[in-house]
Amino acid sequence: MHYQTTPSWGCYMSTSSLEDPVDRIERLAAENAVVIFSVSTCCMCHAIKRLFCGMGVNPTVYELDEDPRGGDMEKALMRLLGSSSPVPVVFIGGKLVGAMDRVMASHISGTLVPLLKDAGALWL
């Protein structure tokens, strides 16, 4: 897994800190084949990360509880999902797959592997 961290800039303000949370989520989701928005203490987040690693996928993980703007991103994810539980949220190929229930349903139905292949996350 590849964990992304946000550098600390002290008193300097980067232009990305002014970015709308939904825009930031969409930008981050488009940068890698598989992106998981997570909270480090969430058991469902851990399970989804293990699922992808067990399949041979190397997801990029953004731990929202370790990001100074993570709270705003969590709220934006809740709006995108229409759900009260914002994590884990998975994007494959820059497209929103959804939370744990959607990912597991795709895995069980056999549609997850083709999504991963199309995104370049699996080569089997």
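In what follows, residues are counted from 1 in the order of the sequence shown. Values in this document were obtained by computation on a predicted structure and should not be read as measured data.
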Here the gap from H107 atom NE2 to L116 atom CG, rounded to the nearest 0.5 Å, amounts to 10.0 Å
Side chain to side chain contact (heavy atoms under 4.5 Å, CB included) assessment of V90 paired with V35: CA-CA 6 Å; V90 176; V35 174; over 6 Å; no
Do the charged groups of E19 and R69 touch, with an N to O distance under 4.0 Å? no
If we ignore hydrogens and angles and just use 3.5 Å, is the side chain of N32 paired with the main-chain N or O of V34 as donor and acceptor? no
How many angstroms lie between OH in Y62 and CD1 in I36, if you round to the nearest 0.5 Å? 11.5 Å
When rounded to the nearest 0.5 angstrom, what is the spacing between CD1 in I25 and CE in M73? 5.0 Å
Please answer: with hydrophobic residues joined when any side-chain heavy atoms are less than 4.5 Å apart, are V39 and M78 in the same cluster? no
Are the side chains of R24 and D20 in contact, using a 4.5 Å heavy-atom criterion? no
When rounded to the nearest 0.5 angstrom, what distance separates CG in L112 from CG in L51? 6.5 Å
Of the non-hydrogen atoms in L81 and P86, which two are nearest, and what is the gap between them? CD1-O, 4.1 Å
Minimum heavy-atom separation for C42 and C45, please, with both atom names. SG-SG, 3.0 Å
Can you measure from CG (N58) to CZ (F52) and round to the nearest 0.5 angstrom? 12.0 Å
Answer whether the closest heavy-atom distance between the side chains of L80 and V89 falls below 4.5 Å. no
Identify each donor-acceptor pair in which a side-chain atom of residues 95-106 lies under 3.5 Å from a protein atom, sequence neighbours left out, and give them as a table.
residue : atom : partner : partner atom : Å
S106    : OG   : R102    : O            : 3.0

Between S83 and S85, do the side chains contain a donor N or O and an acceptor N or O under 3.5 Å apart? no
Whether the E63 and S40 side chains hold a donor-acceptor pair (N or O, under 3.5 Å, no angle test) is what I'd like checked. no
Residue pair I48 / P88: nearest heavy atoms and the distance that separates them: CG2-CB, 3.7 Å
Evaluation steps, side chain to side chain contact (heavy atoms under 4.5 Å, CB included), between M55 and V113: CA-CA 9 Å; M55 296 174 75; V113 169; 3.6 Å; yes
All heavy atoms of A33 vs all of G120, minimum pair found to be CB-C, 4.4 Å
Ring-plane angle category for F37 and F91, please: parallel below 30°, perpendicular beyond 60°, tilted otherwise. perpendicular
What distance do E31 atom CD and T60 atom OG1 have between them, rounded to the nearest 0.5 Å? 9.0 Å
